[in-house]
Amino acid sequence: MKRKWMLLFLCIMLLGFSGVASAELILIGTATYDGGNYNLIYEDNQGLVWLDYTNLRNTWYGQLNWAYGLNAEGVLTYSLNPGISLNWKGNWRLPVTDERQADMYKGYGFAGPDGDGYHDYRYGYNMVNSEMGHLFYVSLGNIGWYDTEGNEETVYGLRNTSYFDDLRPGHYWSGTEYSVNATEAWSFRFNSGLQEHEYGNKNITLSALAVRPCDVSAIPVPELATIILLGGGLAGLCAFRRARQRRGEGTGSAR
């Protein structure tokens, strides 16, 4: 009897833990856009859904308009994975850079905005106070061209892409103007991990990604391996029970 309950307990535990493991990046489905299907990727610790589509190079103003246009009815058609539920918290937009938190993060800018050639805690490498910087360094685990002490890295760039298929090692606009000079805006280079602002020119053409704030909830769905283990455990339990019944029948006939 004790063995029977132990097997049942193990089966329940396997099923329960199959959906518990969490990840910073979760593939939650796809979106159909402009005739193609593109991944929807949830970044848990930023509360963002990324559309895995790189818009072709355009000015800062052009990219702002492109991202805003994704919110129009019928532009995106969603196909979510089983068990996924979304609670949108805002509209599609370009990723932002939070200058207010810049002093909290130590980065290395080899040619800072003031031309000092050393540290500027808004501009440079290892900056995670922007949504693209956080994605690059934290959630994807990539390495910038320079470390926080200004040493050149031998292996760097967009080497880890996780569920992203269309994220490119290029130069992308942020949706945030540079607070010191409104003729400039922030950007991020996925080829080197450099966060910078484009000096006096929002009219140069860069690529763009779109993000949307969202809460994502999921009903755990057992993986195939878990289902096989569960089935094997139940089959073993049934076989054990039948064996005991046969032994009981054999004992009864001998008497």
Side-chain angles (χ1 to χ4, degrees), residues 21-60 62-97 127-128 130-144 156-176 186-195 205-218 221 223:
S22 62
E24 291 178 349
L25 293 173
I26 304 168
L27 180 62
I28 62 171
T30 60
T32 301
Y33 173 66
D34 197 25
N37 291 321
Y38 301 95
N39 287 340
L40 292 170
I41 302 163
Y42 179 59
E43 188 179 9
D44 182 47
N45 52 19
Q46 290 203 97
L48 295 174
V49 171
W50 295 81
L51 176 64
D52 182 24
Y53 174 84
T54 292
N55 199 41
L56 296 177
R57 296 168 67 95
N58 203 336
T59 66
W60 186 73
Q63 299 293 26
L64 284 177
N65 291 333
W66 164 73
Y68 181 77
L70 296 175
N71 298 293
E73 185 176 357
V75 174
L76 294 177
T77 303
Y78 304 112
S79 177
L80 301 180
N81 291 338
I84 295 294
S85 176
L86 304 184
N87 181 20
W88 296 114
K89 296 293 187 179
N91 292 325
W92 288 105
R93 56 170 173 77
L94 297 184
V96 299
T97 301
M127 299 280 92
V128 295
S130 68
E131 290 171 346
M132 287 185 289
H134 189 282
L135 174 67
F136 179 87
Y137 286 107
V138 178
S139 294
L140 290 175
N142 289 303
I143 298 173
Y156 64 90
L158 188 63
R159 293 177 173 268
N160 304 319
T161 57
S162 184
Y163 298 111
F164 287 89
D165 295 325
D166 202 42
L167 181 58
R168 305 171 187 179
H171 199 176
Y172 287 73
W173 277 120
S174 163
T176 304
W186 289 97
S187 66
F188 192 86
R189 294 179 182 263
F190 279 94
N191 60 334
S192 64
L194 174 64
Q195 178 171 291
T205 59
L206 306 179
S207 301
L209 292 169
V211 296
R212 189 172 181 182
C214 186
D215 285 338
V216 173
S217 58
V221 178
E223 298 177 355

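Note that the coordinates shown come from a computational prediction; the quantities given were computed from them, not determined experimentally.
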Item checked: Intermediate values then yes/no, side chain to side chain contact (heavy atoms under 4.5 Å, CB included), Trp186 and Gln195 -> CA-CA 7 Å; Trp186 289 97; Gln195 178 171 291; 4.0 Å; yes
Checklist line | Closest non-hydrogen atom pair between Ser162 and Leu140, with its separation | finding: CB-CD2, 3.6 Å
Check: Say you draw a straight line from CZ of Arg212 to CG of Asn91; how long is it, rounded to the nearest 0.5 Å?
Finding: 6.0 Å
Item checked: Spacing of Lys89 atom NZ and Leu48 atom CG [to the nearest 0.5 Å] -> 13.0 Å
Next item on the list: Give, for atom CH2 of Trp50 and atom CG of Leu40, the distance between the pair rounded to the nearest 0.5 Å.
Entry: 13.0 Å
Check: Are the side chain of Trp173 and the backbone N or O of Gly62 linked by a donor-acceptor pair below 3.5 Å?
Finding: no
Next item on the list: Please say which of Thr30, Thr32, Asp52, Thr77 ends up in a side chain to side chain donor-acceptor pair (under 3.5 Å) with Asn37.
Entry: Thr32
Next item on the list: I would like to know whether Leu70 and Tyr33 meet side chain to side chain contact (heavy atoms under 4.5 Å, CB included); could you show each step before the answer?
Entry: CA-CA 9 Å; Leu70 296 175; Tyr33 173 66; 3.6 Å; yes
Check: Rounded to the nearest 0.5 Å, how far does CD1 of Ile143 lie from CZ of Phe136?
Finding: 8.5 Å
Checklist line | Nearest-0.5 Å distance that lies between atom CG in Leu167 and atom CG in Asn39 | finding: 11.5 Å
Check: Are the ring centres of Trp92 and Tyr53 closer than 6.0 Å?
Finding: no
Next item on the list: Taking all non-hydrogen atoms of both residues into account, name the closest pair between Val128 and Gly133 and its distance.
Entry: CG1-O, 4.1 Å
Next item on the list: Begin from the C-alpha positions of Ile28 and Ile41 and carry the test side chain to side chain contact (heavy atoms under 4.5 Å, CB included) through to its verdict.
Entry: CA-CA 6 Å; Ile28 62 171; Ile41 302 163; over 6 Å; no
Margin query: I'd like to know whether OH of Tyr68 has more than 12 heavy-atom contacts from other residues, nucleotides or ligands below 6.0 angstrom.
Written below: no
Notebook entry, point to check: What's the spacing between Leu27 CG and Leu80 CG if we round to 0.5 Å?
Noted result: 10.5 Å
Notebook entry, point to check: Passes side chain to side chain contact (heavy atoms under 4.5 Å, CB included), Asn87 versus Ser217? Steps please.
Noted result: CA-CA 8 Å; Asn87 181 20; Ser217 58; over 6 Å; no
Checklist line | Within-4.5 Å side-chain heavy-atom neighbours: Asn45 and His134 | finding: yes
Notebook entry, point to check: Closest approach of Leu135 and Glu43, non-hydrogen atoms and distance?
Noted result: CA-OE2, 3.7 Å
Check: Any side-chain heavy-atom pair from Ser174 and Glu131 closer than 4.5 angstrom?
Finding: no
Next item on the list: Could you pull out the closest heavy-atom pair between Asn191 and Pro169, with the gap in Å?
Entry: CB-O, 3.2 Å
Next item on the list: Provide the closest heavy-atom pair for Arg57 versus Thr205 in the form atom of the first, atom of the second, distance.
Entry: NH2-O, 2.6 Å
Next item on the list: Find out whether Gln63 and Asn55 are in side-chain contact, i.e. whether some heavy atom of one side chain is under 4.5 Å from a heavy atom of the other.
Entry: yes
Margin query: Are Thr54 and Tyr172 packed together at the side-chain level, in the sense that at least one heavy-atom pair is separated by less than 4.5 angstrom?
Written below: yes
Next item on the list: Grab the two heavy atoms, one from Asn142 and one from Arg159, that are nearest each other, plus how far apart they are.
Entry: OD1-N, 3.1 Å
